[in-house]
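Quick notes on the structure that follows.
Residue numbering restarts at 1 for every chain, and letters A, B, ... go by the order of the sequence lines.
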Amino acid sequence: MNEKVRTRFAPSPTGYLHIGGLRTALYGYLYAKKYGGDFILRIEDTDLQRYVEGSVEIIYDTLKDAGIVYDEGPDVGGNYGPYVQSERREIYHQYAEELIRRGGAYYCFCDKERMESLRDENGNCRYDKHCLHLSEEEIKAKLESGAPYVIRQNIPEEGTGSYHDLVYGDISVDFKDMEDGILIKSDGMPTYNFANVVDDHLMGITHVIRGSEYLSSTPKYNLMYDAFGWQRPVYIHLPPIMKDERHKLSKRNGDASYADFVEKGFVKEAIVNYIALLGWSPKENVEKMSLSEMIERFSLDGISKSPSIFDEAKMRWLSGEYIKEMSDEEFVARGDAFFRKSKVYGKYDLKKIAALLKTRVETFGEIPEKIDFLEEFGEYDVALFTHKKMKTDENIARIVLPAARELFASLSSFDFNTLHEAMMGLVGKLGMKNGQVFWCVRVALSGRESTPGGVMELAELLGKEESLKRLDFSMKLLGL
RNA sequence: GGCCCCUUGGUCAAGCGGUUAAGACACCACCCUUUCACGGUGGUAUCAUGGGUUCGAGUCCCGUAGGGGUCACCA
């Protein structure tokens, strides 16, 4: 196989790009790039009923945002266009007629009523090839009279369709279990069943990567490739991504999409990294990977056959790993939207806050809740001064706080090092343990059981004036 | 219901006839430590089930159960 690898992602513009779709795109991209091939984006908009305004742009934006770049597509061009199916109507008709000539399809004039009468006890109707037996004259007459028609695939009544899937292995389906599906609808548009075959061939797609829902209909497509005398592509079907063991993850159920997770503050690279790991694992047993590392490591034998359940907790962890690696500047820049949501925006040095926050949040979304106490300070439960392990309580606090207040007031500079030295001195002077002093002052400054950073970091951030104000307030709470 | 496919800890998963059945997330404990984190160490927990084949089965075969997909003028 020395022909150039060409894969494609072919979504229909029916709304947001969901996680499963994005993974399909990602694998197609990874596979193509792994072998120096091309990755193509094709829009499958043959169902005008389901078309949702603006979703094509969402597809472009999401892929771009996720770093999945396509070599050819509606907005970037290419030599195999157009890349939007609704612009290829004539092509489909031409090939449909060709297929009829080759005996692989036929005109069908049956109406809804007749189809209804074919329904079986399970409510399924199965076309009986009625129109396959129309004479050429009858067909011509009907066509000329302008009677509505569809074009159906002519599937053999016996035999078995077999093929080899690179993930699932050998798949066989009996022709008798397949219906003569519609290839061209009465509105003149092709169905997926036909358009995907024609386009994949015309666009030179070598590897078809798609969801496992097509596993059992693929023999139908092979019948067409064979009838046309075209080379069948290599098939790679992917297991579904589940929300829980019973339900597939889907936008229709209101499950989060890529965009939703970005909005929640997950690091983009982590989202892409995580979904790559759903249904695929590299041989090297590594999990955190950049896109280029994924390309290097991607291999089809690492794709699993069974569905995997989407675990937000693990994606959250990965997101945290990416955050820990960021510089303070990058954290501030990328978390900007979330810093803006916090009450402290514009009032503090965000780079200093970033340094404290990086190991304490896994998504940018957690930023506001972690730092709002810098602006919000008031009544709190004095029981916070009691901490068994630190050996401290309200009475210790009554000794520590006034001393700390006096100390703070005496400091001419209020940076971390000065504070550290001063606080250590205070510990010695009071003859207490570090924890006793630090715990009490930190609580007095924050009113919180836990904070990002310790006393010195907090005092430096708040500044001398605010620190003294808070100490005064806390002393009052303790009845001093 | 017919057909196709799937089944290793709570989750993602490695394994491809012989292993003490990796690793990660989550969880728990301990260490580090001025809180919380980070980091470090350790721990709990898995081969759906019944038959075969084999000296030997998570790995191969068959059945059963459970789950998913599909059976549209949707993709």
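Listed nucleotides: B:C6, B:U34, B:G23. Nearest to the side chain of A:Y168: B:C6. Of the candidate nucleotides B:C73, B:A75, B:G68, B:A75 has the atom lying nearest to any side-chain atom of A:R50. Listed nucleotides B:A24, B:U34, B:G69 differ in distance to A:W317; the shortest reach to its side chain belongs to B:A24. Of the candidate nucleotides B:G66, B:C25, B:C6, B:G66 has the atom lying nearest to any side-chain atom of A:R246. Closest to the A:Y214 side chain, of the nucleotides B:A75, B:C36, B:U34, is B:A75. Listed candidates were B:G69, B:U11, B:A13. Nearest to the side chain of A:S281 is B:A13. Distances from the side chain of A:E179 to the nucleotides B:C71, B:C3, B:C74 place B:C71 closest. In the set B:A75, B:G68, B:A26, B:G68 carries the atom at the smallest distance from any side-chain atom of A:M242. Closest to the A:I309 side chain, of the nucleotides B:C5, B:U11, B:C6, is B:U11. Nearest nucleotide to the A:T191 side chain, out of B:G39, B:C25, B:C73: B:C73.
For the pair A:R210 and A:Y214, the cation sits on the ring face: its NZ or CZ lies under 6.0 Å from the ring centre, inside 45° of the axis. Cation-pi contact between A:K142 and A:Y149: absent, since separation from the ring centre below 6.0 Å together with deviation from the ring axis within 45° is not met.
With ring centers used as reference points, A:Y163 lies 6.0 Å or more from A:Y221.
At a cut-off of 3.5 angstrom, counting only N and O atoms as typed in the model, there is a donor on one side and an acceptor on the other between the side-chain of A:S186 and the base of B:C73. For B:U35, the base has a donor-acceptor partner in the side chain of A:R442 [N/O atoms by modelled type, under 3.5 angstrom]. Contact of A:K314 with B:A24 (side chain to base): a donor-acceptor pair of N or O atoms is detected under 3.5 Å.
Crowding of A:K429 atom NZ: a count of heavy atoms from other residues, nucleotides or ligands under 6.0 Å not exceeding 12. Atom CD of A:E57 has more than 12 heavy atoms from other residues, nucleotides or ligands within 6.0 Å.
Here, B:U8 and B:A57 have their C1' atoms 14 Å apart, quoted to the whole Å. Annotation: B:A45 and B:C31 have their C1' atoms spaced 24 Å apart (nearest Å). B:U46 and B:A14 have their C1' atoms separated by 13 Å, with the value rounded to a whole Å. Spacing between B:C30 and B:A37 at atom P, rounded to whole Å, works out to 13 Å.
Against RNA chain B, the stretch residues 389-398 of chain A makes heavy-atom approaches under 4.0 Å through A:K389, A:M390.
In this structure, the CD1 atom of A:I59 is 12 Å from the C1' atom of B:A75, given to the nearest Å. For A:K358 and B:G39, the NZ to C1' distance is 15 Å, given to the nearest whole Å. Nucleotide B:U35 holds its C1' atom 9 Å from the CZ atom of A:R360, rounded to whole Å. Straight-line distance from the CZ atom of A:F373 to the P atom of B:U35: 15 Å, rounded to whole Å.
Across the interface with RNA chain B, nearest-nucleotide mapping of A:T46 and A:D170 shows A:D170 to be the residue nearer the 5′ end. RNA chain B is contacted by both A:S217 and A:V455; A:V455 maps to the nucleotide lying nearer its 5′ end (nearest heavy atom per residue).
Of the candidates A:R360, A:K358, A:K264, A:R316, A:E366 forms a salt bridge (Lys or Arg N to Asp or Glu O under 4.0 Å) with just one, namely A:R316. When A:V197, A:N154, A:L99 are each tested for a side chain to side chain contact (heavy atoms under 4.5 Å, CB included) with A:L183, only one passes: A:L99.
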Report task. Let me have a per-nucleotide readout for nucleotides 42-50 of chain B, 5' to 3', with B, S or -, counting only protein heavy atoms under 4.0 Å. Result -> ---------
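A donor-acceptor pair is defined here as one N or O able to donate and one able to accept, closer than 3.5 Å; no such pair exists between the side chain of A:R152 and the backbone of A:A105. With A:W280 contributing its side chain and A:S299 its backbone, the two residues share a donor-acceptor pair below 3.5 Å. The main-chain N or O of A:E269 is never found under 3.5 Å from a side-chain atom of A:N273 such that the two would form a donor-acceptor pair.
Side-chain contact check for A:Y95 versus A:F194: some heavy-atom pair is nearer than 4.5 Å.
Between A:Y60 and A:Y70, the two ring planes are tilted [angle within 30° to 60°]. In this pair, A:F416 and A:H420 present their aromatic rings parallel. The plane angle is below 30°, not in the 30 to 60° band.
A donor atom on one side chain and an acceptor atom on the other are found under 3.5 Å apart for A:S474 and A:Y380.
Within the nucleic acid shown, A:G453 comes within 4.0 Å of at least one base atom, counting heavy atoms only. Contacts of A:T451 with the nucleic acid, taken as non-hydrogen atoms under 4.0 Å apart, include base atoms. A:L318 comes within 4.0 angstrom of nothing in the nucleic acid, heavy atoms only.
In terms of phosphate contacts, A:K176 brings no side-chain nitrogen or oxygen within less than 4.0 Å of OP1 or OP2 of B:G2. Phosphate proximity of B:G23 to A:N285: absent, as no side-chain N or O sits under 4.0 Å from OP1 or OP2.
Base-pairing analysis of RNA chain B finds the following stems of at least three consecutive Watson-Crick or G-U pairs, with both pairing distances under 3.5 Å: B:1-7 with B:65-71, B:10-12 with B:23-25, B:27-31 with B:39-43, B:48-52 with B:60-64.
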